[in-house]
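Report on the structure given below.
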Amino acid sequence: MKTERSEKIYVDFFGLSGGGKTTIYNDLAKALSLEKNIKAISAETELFKLNTFYRHTIPAIFSPLTTARIFSFCFGKLPSENKLNYKLFKYFFVDYFLFSTRDFKYFLNDGPLHFINNDAMPTDEKLIMEIINNYPAEKLYFVFLDTPPDVAAKRKTSRRKKALPSPEMISNYQEKYEKNKKVFSLFKEKEGTGKIKKIMRLDGRRSAKENISILKKEL
C-alpha cells in the first residue's frame, strides 16, 4: 500500500553551498532505511533515476505557461497566485512528480528554500511563506546546516580543485549566510504551526557522521 501524501514528510536542508548538505541527506536516507526500516529517499538519488523527459525536457523547452498547464493537469494545482518565478517553479515540478510516484515516509532534499537562500532573491517573509505553502508535503521539517562562510567556501573550492576562495567569494558567502540565518529565525518563530512541524540547526563544522547521528534521533 502506498503512503498517503499527508503522511509523507519533506525534510528540507538549507545552508551554504559546500556546507555538506547533500552528503548528509544522501547518507541519512540510507541509514534510516537500513537501520530503522523507515522508507526514506534522497531527492538527488531519485533524480538520477528519472526519465530525461521529466528531468530536463519539460522545464527546458516548454514555456512557463505550458509547463504550468502540464503541472496543473498532472498534480491538480498550481503555485498559488503564480507568484513564484519560473526557475523556482521547476523545483516544485520535480518534487511533485517524486511525491506522486514514490512510496516513502521521509523525502530528503535541499529544495526550493535552498535556491532562494543562495540566489539573488529577496528573503522577505511573504515570499518565504509562499514557498512553504507550495511544498507538496503537509508536514515539513527544516534543517539548517550552519557552516561558517569561510569553511563552506574553502570546501567548495577544494572540491573544484581551485585555489583558496577569493575575498569576493567570502564576501558573497557571508551575505548568503546572513540570509540563511534570517530564514532560520523566521522558521523558529513559526515552528509547530501550519506545515512547519520542526526546525533544526546543525553545526556544519562537525563530521557528517555526527550530524547524521543527531538527525536519526530527531526523526
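Computed from a prediction, not measured in an experiment: that's the story for all the values here. As a basis for the values below, the full set of heavy atoms in this structure was taken, side chains included, without hydrogen atoms, waters or symmetry mates.
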> Do the ring centers of Phe104 and Phe107 come within less than 6.0 Å of each other?
Replying inline: yes
> Linking I/L/V/M/F/W/Y whenever their side-chain heavy atoms sit closer than 4.5 Å, directly or via other members, would Ile9 and Ile38 fall into one cluster?
Replying inline: yes
> If you count the non-hydrogen atoms of other residues, nucleotides and ligands that lie under 6.0 Å from NZ in Lys154, is the total more than 12?
Replying inline: no
> Side chains of Lys195 and Lys139: does their closest heavy-atom pair fall under 4.5 Å?
Replying inline: no
> What closest approach, in Å, do Arg155 and Thr147 show between heavy atoms, and which atom pair accounts for it?
Replying inline: NH1-CG2, 3.9 Å
>> Under the criterion side-chain contact (heavy atoms from CB on, under 4.5 Å), I'd like the reasoning laid out for Asp146 against Asp203: C-alpha separation, chi angles, the key distance, then a yes or no.
In response: CA-CA 5 Å; Asp146 188 349; Asp203 188 341; 5.9 Å; no
> Is there a donor-acceptor pair under 3.5 Å between the side chain of Lys8 and the backbone N or O of Phe99?
Replying inline: yes
> Phe142 vs Tyr135 aromatic rings, parallel, tilted or perpendicular, using cut-offs 30° and 60°?
Replying inline: perpendicular
> Within a radius of less than 6.0 Å around CD of Glu191, do more than 12 heavy atoms belonging to other residues, nucleotides or ligands occur?
Replying inline: yes
>> When you measure from the side chain of Ser33 to the backbone of Ala29, do you find a donor-acceptor pair of N or O atoms at a distance under 3.5 Å?
In response: yes
> Checking side-chain contact (heavy atoms from CB on, under 4.5 Å) for the pair Tyr10/Asp95: CA distance, chi angles, key distance, verdict?
Replying inline: CA-CA 10 Å; Tyr10 195 125; Asp95 281 358; 2.8 Å; yes
> Would you say Ile170 and Leu16 are hydrophobically clustered, going by side-chain heavy atoms of ILVMFWY under 4.5 Å?
Replying inline: no
> Got more than 12 heavy atoms from elsewhere within 6.0 Å of NZ, Lys216?
Replying inline: yes
> Got a sec: does the NZ of Lys188 have more than 12 other heavy atoms crowding it under 6.0 Å?
Replying inline: yes
> What's the verdict on side-chain contact (heavy atoms from CB on, under 4.5 Å) for Val143 and Tyr25, showing C-alpha distance, side-chain angles and the deciding distance?
Replying inline: CA-CA 10 Å; Val143 180; Tyr25 74 70; over 6 Å; no
> For the hydrophobic clusters of this structure (ILVMFWY residues joined by side-chain heavy atoms under 4.5 Å, transitively), does one cluster hold both Val151 and Leu202?
Replying inline: no
